[in-house]
Protein chains: 2
Amino acid sequence: MKPLAGGLETVPGFLFSAVECGIKYENRLDLALIHSKAPCSAAGAFTTNVIQAAPVKLCRERISNPVHAILINANNANACTGEEGYRNAASLSGEVAGLLGVPAGSVLAASTGVIGVQLPTEKIRKSLPALVRGLSGEKGPLVARAIMTTDTRPKEAAARFETSRGEFTVAGAAKGAGMIAPNMATLLCFLLTDMPLGREVLDGVFRKTVAATLNAVTIDGDMSTNDTAIILCPAAGGLPDAAGDAARFEEALLHVLSSLSEMLVRDGEGATKFVTVSVTGARSDGEARLAARAVAQSLLVKTALFGNDPNWGRIACAAGYSGAGFREETLSISIGPVPLLLRGVPQAYDRKLLGDAMGGRDISVAVDLGVGGGRFTFLTTDVSYDYVRINAEYTT
Amino acid sequence: MKPLAGGLETVPGFLFSAVECGIKYENRLDLALIHSKAPCSAAGAFTTNVIQAAPVKLCRERISNPVHAILINANNANACTGEEGYRNAASLSGEVAGLLGVPAGSVLAASTGVIGVQLPTEKIRKSLPALVRGLSGEKGPLVARAIMTTDTRPKEAAARFETSRGEFTVAGAAKGAGMIAPNMATLLCFLLTDMPLGREVLDGVFRKTVAATLNAVTIDGDMSTNDTAIILCPAAGGLPDAAGDAARFEEALLHVLSSLSEMLVRDGEGATKFVTVSVTGARSDGEARLAARAVAQSLLVKTALFGNDPNWGRIACAAGYSGAGFREETLSISIGPVPLLLRGVPQAYDRKLLGDAMGGRDISVAVDLGVGGGRFTFLTTDVSYDYVRINAEYTT
């Protein structure tokens with residue numbers, strides 16, 4: 001596996017397009033299309049929120065179909081929009097199918113933006129011919145740009161890998177910034193590979209890698225109605241999957257998803273810190289995940305990190321209410337290389353060394369529950385004044 | 001039942017004292033004592049955090065004993081302090097018992113403040129004689145003041161009620177401000193009544209009223225290691241409890257706890273809004289509670305409220321991931337008198353009317369899940385710049 005510069009456009013066989021449709025703002029790419037002439041197998045991971053945006057419902061229905069395209073818009077979530085919202089998603093994707101000459105059920109859809117407002121369907125409809133005309137193999141970066149909302153920069157990653165069947169590429173583009181929580185939040189992530197894979201292999205590898213990456217990220221703990229991660233690969237056509245090949249694909253996909261996850265957190269709303277919370281010594285990986293998530297989501301921990309405040313009591317406290325099993329006297333906590341609590345005993349520490357470990361942009365928090373071998377790592381941000389400003393001013 | 005002005009000092013039979021001990025800051029009341037010459041029955045509600053502060057451990061062991069006193073300190077939580085911390089709590093409460101001439105096991109303890117630092121036992125020990133000498137029936141307000149940390153004002157409430165056995169009083173003092181979440185957080189709350197009650201009645205009424213008040217409050221979603229609510233009443237001495245009398249006590253206690261809960265939220269760290277989140281139409285009260293808590297804890301909802309932003313999609317989103325059962329088409333949301341979503345259909349609304357409903361200090365958010373008769377109400381705050389400032393600067 002070797003990392004590649006660039007994003008979606010590095011994967012042969014796919015075409016891209018993006019236009020300024022004026023969904024909410026003028027002079028801003030807000031409508032994008034990903035297209036494959038050959039039918040693809042797809043796997044998806046979607047929000048588990050009771051409220052599911054119309055495009056999520058559409059994707060869930062169509063994810064097992066042969067897929068030819070994904071239509072994506074920013075600045076309107078098409079969520080809490082009832083039957084009208086669903087009809088809009090179905091009809092717009094149907095028009096795209098018509099323009100592309102592919103079956104209606106082969107077009108997926110994804111939306112991100114404000115909840116509870118119907119899509120401006122006329123504007124979008126009028127833009128579709130230009131969107132389809134503009135398709136080219138080089139416009140991956142435009143897709144990454146068009147899906148942004150409060151993101152400050154596009155997020156793209158790619159990797160190339162060798163298999164027994166030759167060299168393949170996997171790449172992805174994502175948007176995030178707010179409403180980011182485990183099980184994904186307003187996260188849209190699109191992944192492509194030119195390696196033909198059976199549906200079950202694709203699905204299994206995708207779920208496993210998403211659990212360790214996109215679902216191990218939290219910015220504000222709010223899980224959105226629109227979370228969508230989709231991967232497309234050429235339909236396998238009955239080829240058996242050599243086990244070693246799937247492992248190489250997994251390694252490359254993990255690299256792409258890890259890179260995108262890190263970019264999501266680094267571009268978290270108002271973030272001034274990139275925080276890695278590693279929990280070890282849990283009774284199981286699942287309990288390690290509970291503890292890592294509680295620490296990563298704690299508002300008190302996150303504001304302390306913003307203030308470069310070595311308030312490790314807040315870390316102990318969050319681990320303590322996480323549901324993970326441990327005892328006070330088994331708990332150890334360190335920040336960077338500096339132990340603060342060792343098996344329940346507070347440690348004297350070098351203020352200068354700790355200041356260095358907390359003062360930079362990257363902070364690592366290590367929590368050892370001391371009761372087993374389970375481990376899990378979460379990525380998160382601090383909570384800053386800017387986080388509050390961005391979210392207090394979002395729709396008004 | 002009639003509300004009374006004042007606090008703990010309105011309850012006959014109890015004595016109070018508070019001194020400036022210099023636990024962390026000079027010239028600040030930080031050590032308090034509540035004392036009853038007659039033995040009391042006690043009931044307690046404590047943090048469910050795995051990490052339990054030393055005084056919480058002590059209280060759990062002693063809560064069924066006849067109780068004569070509660071020793072309380074601010075500015076040091078005596079949490080994550082191991083066996084030494086426990087020995088300190090036991091030895092200081094033992095010294096108080098000696099000075100009062102009561103059994104060692106009859107003195108409870110409570111602490112609030114920074115985690116992971118040993119108590120300055122010598123300072124405290126030296127202050128105990130003056131603390132005990134200062135006991136008087138009038139110093140309730142000093143106790144309410146001494147237990148404050150980032151609170152900006154003391155929190156006291158009282159009520160008088162008639163029973164078949166005559167007139168009684170119940171009163172309380174609380175501190176809160178940060179680390180406030182259901183199951184209490186760094187909340188200390190002390191309640192007294194002069195009505196003799198059997199232990200089971202006291203415990204049953206206390207649990208029921210705490211569930212509807214202190215455990216229906218959230219400021220930051222972080223549950224602390226020190227949460228303690230304790231009520232004392234004269235030991236009943238075998239008197240049967242007339243059912244009607246217990247109900248009158250319950251009504252008065254509910255008033256006191258509701259008043260204190262409202263004060264806690266109004267004085268929440270950095271709060272500019274007092275927010276009531278009422279969920280109705282759930283399949284059960286328990287599911288209504290899940291939804292109300294998710295909305296009340298959502299960082300996105302709280303920052304939107306800070307910005308007077310009618311972003312009801314965030315409310316729908318939080319209800320949707322809460323675990324409460326409902327469907328998009330059964331959900332209704334209003335803010336103040338203004339319906340925003342009616343059975344899944346977004347409503348056009350009067351911007352002026354909504355501006356008035358959101359612009360004031362008090363905001364009420366009503367969520368009807370539309371699938372049953374369950375209901376629950378949570379109190380919460382917005383999240384402001386000041387919240388971040390206060391919590392970024394706490395220990396440094």
Side-chain angles (χ1 to χ4, degrees), chain A residues 48-52 77 79-82 114-118 178-179 181 183 220-225 298-300 303-304 306-314 316-321 324-329 331 340-341 344-346 383-385 387-396, chain B residues 47-52 77 79-82 114-117 178-179 181 183 220-225 298-300 303-304 306-314 316-321 324-329 331 340-341 344-346 383-385 387-396:
Chain A
T48 58
N49 201 306
V50 165
I51 309 270
Q52 307 240 329
C80 283
T81 46
V114 66
I115 295 174
V117 178
Q118 296 294 349
M179 263 202 193
N183 302 315
D220 49 26
D222 271 274
M223 178 180 25
S224 109
T225 53
S298 160
L299 203 44
L300 286 168
T303 47
F306 172 56
N308 296 332
D309 179 353
N311 199 331
W312 60 265
R314 296 181 179 179
C317 177
Y321 64 68
F326 68 97
R327 298 184 311 282
E328 181 183 328
E329 56 273 23
L331 181 68
L340 300 173
L341 183 74
V345 181
V383 163
S384 68
Y385 299 122
Y387 177 87
V388 176
R389 184 185 53 72
I390 292 164
N391 283 291
E393 292 173 0
Y394 182 67
T395 66
T396 46
Chain B
T47 181
T48 58
N49 200 306
V50 165
I51 309 270
Q52 308 241 330
C80 284
T81 46
V114 66
I115 295 173
V117 178
M179 265 204 193
N183 301 315
D220 49 27
D222 272 275
M223 178 177 29
S224 106
T225 53
S298 160
L299 203 44
L300 286 168
T303 47
F306 172 56
N308 296 331
D309 179 352
N311 200 333
W312 60 265
R314 295 180 179 180
C317 176
Y321 64 67
F326 68 97
R327 298 184 310 285
E328 180 183 330
E329 56 273 25
L331 182 67
L340 300 172
L341 183 74
V345 181
V383 163
S384 68
Y385 299 122
Y387 177 87
V388 176
R389 184 185 53 72
I390 292 164
N391 283 292
E393 292 174 359
Y394 183 67
T395 64
T396 46

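Chain A is the first sequence line, chain B the second, and so forth, proteins listed ahead of strands; every chain is numbered from 1. Values reported hereafter were calculated over all heavy atoms of this structure, with side chains retained and with hydrogens, waters and symmetry mates removed.
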Is A/Ala324 close to chain B through its backbone or its side chain, or both, or neither, when contacts mean heavy atoms under 4.5 Å?
backbone
Shortest non-hydrogen contact from A/Ile115 toward B/Cys317
CD1-CB, 4.3 Å
When rounded to the nearest 0.5 angstrom, what is the spacing between CD1 in A/Ile51 and OH in B/Tyr321?
12.0 Å
For the student: nearest non-hydrogen atoms of B/Pro346 and B/Trp312, plus distance:
CB-CZ2, 3.9 Å
Reported SG-to-CD distance for the pair A/Cys80 and A/Gln52, which is rounded to 0.5 angstrom
11.0 Å
Need one label for A/Leu340: side chain, backbone, both or neither, based on atoms under 4.5 Å from any heavy atom in chain B.
neither
Please state whether the side chain, the backbone, both or neither of A/Glu328 comes within less than 4.5 Å of a heavy atom of chain B.
both
